[in-house]
Amino acid sequence: MASKSIRLYNTLTQSKQPFVPLEPGVVRMYVCGPTVYHHLHVGNFRSFVIFDTLARFFEGQGFRVLRVQNFTDIDDKMIARAKELNVSVPELAERYIAQYAEDAQALAIEEPYAAPRPTEHIEEIVSHIGDLVAKGLAYPLEGDVYFRVSAFPGYGKLSHQTSEERLAGARVEVDERKEEPADFVLWKGSRPGEPNWPSPWGPGRPGWHIECSAMARCYLGDTLDIHAGGQDLIFPHHENEIAQSEGLLGHPFARYWLHAAMLTMDGAKMSKSQGNIVPLSDLRVRYRPQAIRLFLLSAHYRTPLAFREELIEGSEAALTRIENCLTRLGHLLPHAAPDDKGDQSYLEHLEHAERAFDEALSDDLNTAQAQAVLFNVVREANTLLDVDSAQSVIRQADSFLRRSLATLGITLAEDAVELGDEVERLIAEREQARRSRDFQTADRIRDDLRAKGIVLEDTPQGVRWHRG
RNA sequence: GGCGACGUAGCCAAGUGGUAAGGCAGAGGACUGCAAAUCCUUUACCCCCGGUUCGAAUCCGGGCGUCGCCUCCA
């Protein structure tokens with residue numbers, strides 16, 4: 001059979017490559033996290049959910065995953081926003097890190113191995129910059145420190161464009177003090193009143209790009225297996241990280257660079273600066289978070305995904321369909337034939353589906369394809385349950401669905417098992433009424449319970465209920 | 001202008017050489033006391049024009065259109 005290898009599209013090589021970790025069985029993965037100055041929107045979470053799913057898949061395949069995802073808690077935006085809200089920068093950071101945590105929990109994003117913040121790693125950052133200066137790769141300038149792009153020959157290898165090529169279309173004001181327009185800031189001297197830390201070049205704060213280089217190295221070592229983020233980070237952020245890290249250390253910073261495409265809204269990228277954002281904290285109270293996650297994984301991660309609220313509604317319907325299937329499986333299990341063999345051909349079919357599901361995710365994390373496999377199993381299981389069922393089949397279908405959902409990070413809330421005596425009594429009463437063909441009473445009870453959020457469904461195996 | 005992508009049913013979206021996954025929505029039907037759930041049926045000239053090939057949504061060329069990055073950005 002084809003190799004079981006996982007293939008990932010590497011932005012660096014612009015091709016899909018078999019994934020081979022540096023250390024067998026361990027995946028060292030750094031995901032660029034958010035700047036915590038505002039509510040995060042659904043678009044931000046697309047990439048976090050995607051790379052969380054990748055980590056879950058690796059784990060399911062037996063890897064140990066060291067996933068680091070940072071919080072940027074100091075930069076110009078943080079300072080400006082803190083001033084706007086009249087709070088300190090650390091207070092601002094705490095507020096939005098807490099907000100992120102709530103959002104992430106709702107979307108079932110697993111706790112990372114580490115969630116570092118630059119303000120807690122100033123020492124490593126300053127030291128990294130100092131080494132770059134000593135090596136001639138950076139130069140101090142009036143309290144700032146800049147990276148000398150001309151001293152790093154590989155600059156442009158990730159974004160596949162040299163700085164000269166970029167210059168042609170440059171529409172940006174160039175800081176005339178810099179040696180070259182492409183040089184970027186590593187350390188930013190502070191102005192009065194701004195948060196600052198001591199350094200050999202005077203008080204200041206880290207530039208944006210350096211934090212990831214320094215913190216990734218700190219937690220994961222000199223070479224990462226995977227470095228991931230949104231496509232909009234390819235340039236300049238990740239290009240600069242490569243320069244900072246490889247310039248200093250002299251070997252590859254990350255072996256696989258993964259980039260998630262943007263979530264779009266009316267054809268344009270969802271982004272704060274364009275003012276077309278939907279904060280996750282708003283969305284998740286209107287729609288089930290699991291449905292939001294299902295939606296975010298409904299397209300392949302390198303394809304732009306169109307966002308509209310009605311699409312989330314569609315995902316809710318799809319999610320309900322899966323849950324109904326699981327409910328049916330659970331409900332029918334006690335009534336099924338205790339036949340150990342079950343339907344042999346269907347069991348084989350399920351095994352095939354399991355392979356197909358893994359294969360889809362192995363192929364550059366094709367979550368859309370994986371979802372298709374999952375929904376096919378839902379339909380086939382339903383078909384089977386309509387006519388016949390054996391316990392072995394039910395158990396296996398149930399376990400396939402649960403395992404697949406867990407891999408995608410779709411965690412289903414189990415209905416509370418307790419209905420309460422009163423409700424139990426009403427359900428029994430309705431059953432009695434139905435048996436005596438008193439449908440008026442039966443329907444009245446059903447309506448009453450529905451009003452209380454308990455939905456009854458009559459099946460050949462007896463009444464079934466769910467909350468809704 | 002440079003670099004990188006994309007254009008598949010009403011909508012979202014898989015599929016990189018052998019006549020098109022999946023989800024949502026719509027229509028019809030089966031089942032049901034009625035519902036609910038479920039199942040079945042049903043909707044695609046794969047942007048356009050050339051080329052390569054026995055054969056292309058899939059490869060090549062051209063065109064049209066859209067998006068991203070080049071400035072903070074997941």
Side-chain angles (χ1 to χ4, degrees), chain A residues 11 14 31-35 37 40-51 69 75-77 80 156 159-173 208 228-237 239 259-264 267-274 277 294-295 298-300 302-308 310-322 324-325 327-328 331 356 360 366-376 378-379 381-387 434 437-440 442-443 446-447 450 455-460 464-466 468:
Chain A
T11 305
Q14 296 177 298
V31 180
C32 278
T35 300
Y37 75 117
L40 268 46
H41 57 76
V42 222
N44 294 311
F45 277 99
R46 184 180 186 197
S47 87
F48 304 146
V49 162
I50 281 164
F51 298 119
Q69 182 175 306
D75 77 340
D76 292 349
K77 291 196 307 268
S159 53
H160 301 100
Q161 196 167 24
T162 66
S163 26
E164 292 77 47
E165 286 169 335
R166 281 186 186 285
L167 222 54
R171 316 190 294 267
V172 196
E173 280 184 52
W208 175 35
Q231 263 174 3
D232 51 1
L233 297 183
I234 294 173
F235 189 91
H237 188 51
E239 193 71 66
H259 292 100
M262 301 292 103
L263 190 71
T264 64
K269 168 187 173 181
M270 181 181 288
S271 83
K272 193 152 159 31
S273 54
Q274 296 193 31
I277 66 164
L294 194 65
F295 165 75
S298 67
H300 180 82
R302 284 189 292 113
T303 308
L305 175 62
F307 175 85
R308 255 180 304 121
E310 65 183 81
L311 296 174
I312 306 288
E313 288 170 23
S315 291
E316 284 198 321
L319 178 69
T320 301
R321 180 138 183 270
I322 299 169
N324 284 338
C325 183
T327 304
R328 286 187 84 192
H331 187 250
N366 193 336
T367 52
Q369 184 61 45
Q371 285 191 14
V373 173
L374 193 155
F375 281 109
N376 277 328
V378 167
R379 189 186 60 253
N382 277 325
T383 301
L384 209 71
L385 293 180
D386 273 354
V387 293
R434 286 187 72 222
R437 305 194 67 78
D438 177 4
F439 296 121
Q440 206 176 341
D443 290 352
R446 186 170 62 190
D447 291 345
R450 179 178 271 280
V455 180
L456 300 186
E457 297 173 6
D458 299 319
T459 79
R464 187 170 82 198
W465 65 275
H466 65 89

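Note that this is a predicted model, so its numbers are computed, not measured. Per chain, numbering begins at 1; letters A, B, ... match sequence-line order.
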Sugar-phosphate only, base, or nothing, as touched by A:R328 at under 4.0 Å among non-hydrogen atoms: sugar-phosphate

Sugar-phosphate only, base, or nothing, as touched by A:H300 at under 4.0 Å among non-hydrogen atoms: sugar-phosphate

Closest-nucleotide 5' rank along RNA chain B - winner of A:L305 and A:A372: A:L305

Distance-only donor-acceptor test, A:N366 side-chain atoms vs B:G15 base atoms, 3.5 Å: no

Pairwise P distance for B:G63 and B:G28, with rounding to whole Å: 48 Å

Gap between atoms CD and P, on A:E239 and B:G4 respectively (whole Å): 13 Å

Distance below 4.0 Å between A:S298 side-chain N/O and B:G22 OP1 or OP2: no

Inter-residue atom distance A:L263.CG - A:R46.CZ, 0.5 Å rounding: 6.5 Å

A:E457 (side chain) donor-acceptor with A:H466 (main chain) under 3.5 angstrom: no

Nucleotide paired to B:G26 in any strand shown, Watson-Crick or G-U, under 3.5 Å: B:U42

For atom CE of A:M262 and atom P of B:A5, their distance in whole Å: 15 Å

For B:A20, the Watson-Crick or wobble counterpart (both distances under 3.5 Å): none

Pair assignment for B:C59, Watson-Crick or G-U wobble, requiring both distances under 3.5 Å: B:G51

Sugar-phosphate, base or nothing in reach of A:T459, heavy atoms under 4.0 Å: nothing

Inter-nucleotide C1' distance (B:G15, B:A20), Å rounded: 8 Å

Donor-acceptor pair under 3.5 Å, A:Q371 side chain vs B:G22 base: no

Nucleotide nearest A:N382 when distance is taken to its side chain, options B:G2, B:C39, B:C12: B:C39

Sugar-phosphate only, base, or nothing, as touched by A:E316 at under 4.0 Å among non-hydrogen atoms: nothing

Any A:Q231 side-chain heavy atom under 4.5 Å of A:T11 side chain: no

Sugar-phosphate, base or nothing in reach of A:S273, heavy atoms under 4.0 Å: base

Side-chain donor/acceptor contact of A:D232 with base of B:C72 under 3.5 Å: no

Whole-angstrom distance between B:A74 and B:C11, as gauged at atom P: 31 Å

C1'-based separation of B:C72 from B:C64 [nearest Å]: 33 Å

B:A36 phosphate, OP1 or OP2, under 4.0 Å from A:R446 side-chain N/O: no

A:K269 vs B:A74: side-chain N/O to OP1/OP2 distance below 4.0 Å: no

Proximity to the side chain of A:D386 - top-ranked nucleotide from B:A21, B:C34, B:C39: B:C39

Single hit among A:N382, A:N376, A:T383 for side chain to side chain donor-acceptor pair (under 3.5 Å) with A:R379: A:N376

A:T264 side chain to A:L305 backbone, donor-acceptor under 3.5 Å: yes

Spacing between A:L319 atom CG and B:A37 atom C1', to the nearest angstrom: 16 Å

Counterpart base for B:C6, defined by Watson-Crick or G-U wobble contacts under 3.5 Å: B:G65

A:F235 CZ - B:G2 P separation (whole Å): 17 Å

Over 12 non-hydrogen atoms of neighbours within 6.0 angstrom of CD in A:Q440: no

Sugar-phosphate only, base, or nothing, as touched by A:G43 at under 4.0 Å among non-hydrogen atoms: base

Sugar-phosphate only, base, or nothing, as touched by A:D443 at under 4.0 Å among non-hydrogen atoms: base

A:S271 side chain to A:I277 backbone, donor-acceptor under 3.5 Å: no

Whole-angstrom distance between B:C60 and B:C67, as gauged at atom C1': 24 Å

P-based separation of B:U19 from B:C69 [nearest Å]: 38 Å

Which nucleotide in B:C72, B:G22, B:A21 has an atom nearest any side-chain atom of A:R379: B:G22

Complementary nucleotide of B:G1, counting Watson-Crick and G-U pairs under 3.5 Å: B:C70

Earlier contact from the 5' end, RNA chain B, for A:R464 and A:T35: A:R464

Sugar-phosphate, base or nothing in reach of A:I50, heavy atoms under 4.0 Å: nothing

Touch class at under 4.0 angstrom, heavy-atom based, for A:F439 against every strand present: base

Length of the CD-P vector between A:E457 and B:C39, whole Å: 13 Å

Side-chain heavy-atom pair A:Q161, A:F235 within 4.5 angstrom cut-off: no

Between B:A25 and B:G61 - C1' atom distance, rounded Å: 39 Å

d(NE2, A:H160; P, B:G2) in whole Å: 18 Å

Sugar-phosphate, base or nothing in reach of A:K77, heavy atoms under 4.0 Å: sugar-phosphate

Integer-rounded Å distance: B:A74 C1' and A:N44 CG: 5 Å

Short side-chain N/O contact to B:C39 OP1/OP2 from A:R321, under 4.0 Å: yes

Touch class at under 4.0 angstrom, heavy-atom based, for A:A261 against every strand present: base

Sugar-phosphate only, base, or nothing, as touched by A:N376 at under 4.0 Å among non-hydrogen atoms: sugar-phosphate

Euclidean distance, atom CD1 of residue A:I234 to atom P of B:C3 [Å, nearest integer]: 15 Å

Whole-Å C1' distance, B:C46 and B:A13: 13 Å

Sugar-phosphate, base or nothing in reach of A:A260, heavy atoms under 4.0 Å: nothing

side-chain contact (heavy atoms from CB on, under 4.5 Å) between A:F48 and A:L40, worked out: CA-CA 11 Å; A:F48 304 146; A:L40 268 46; 4.0 Å; yes

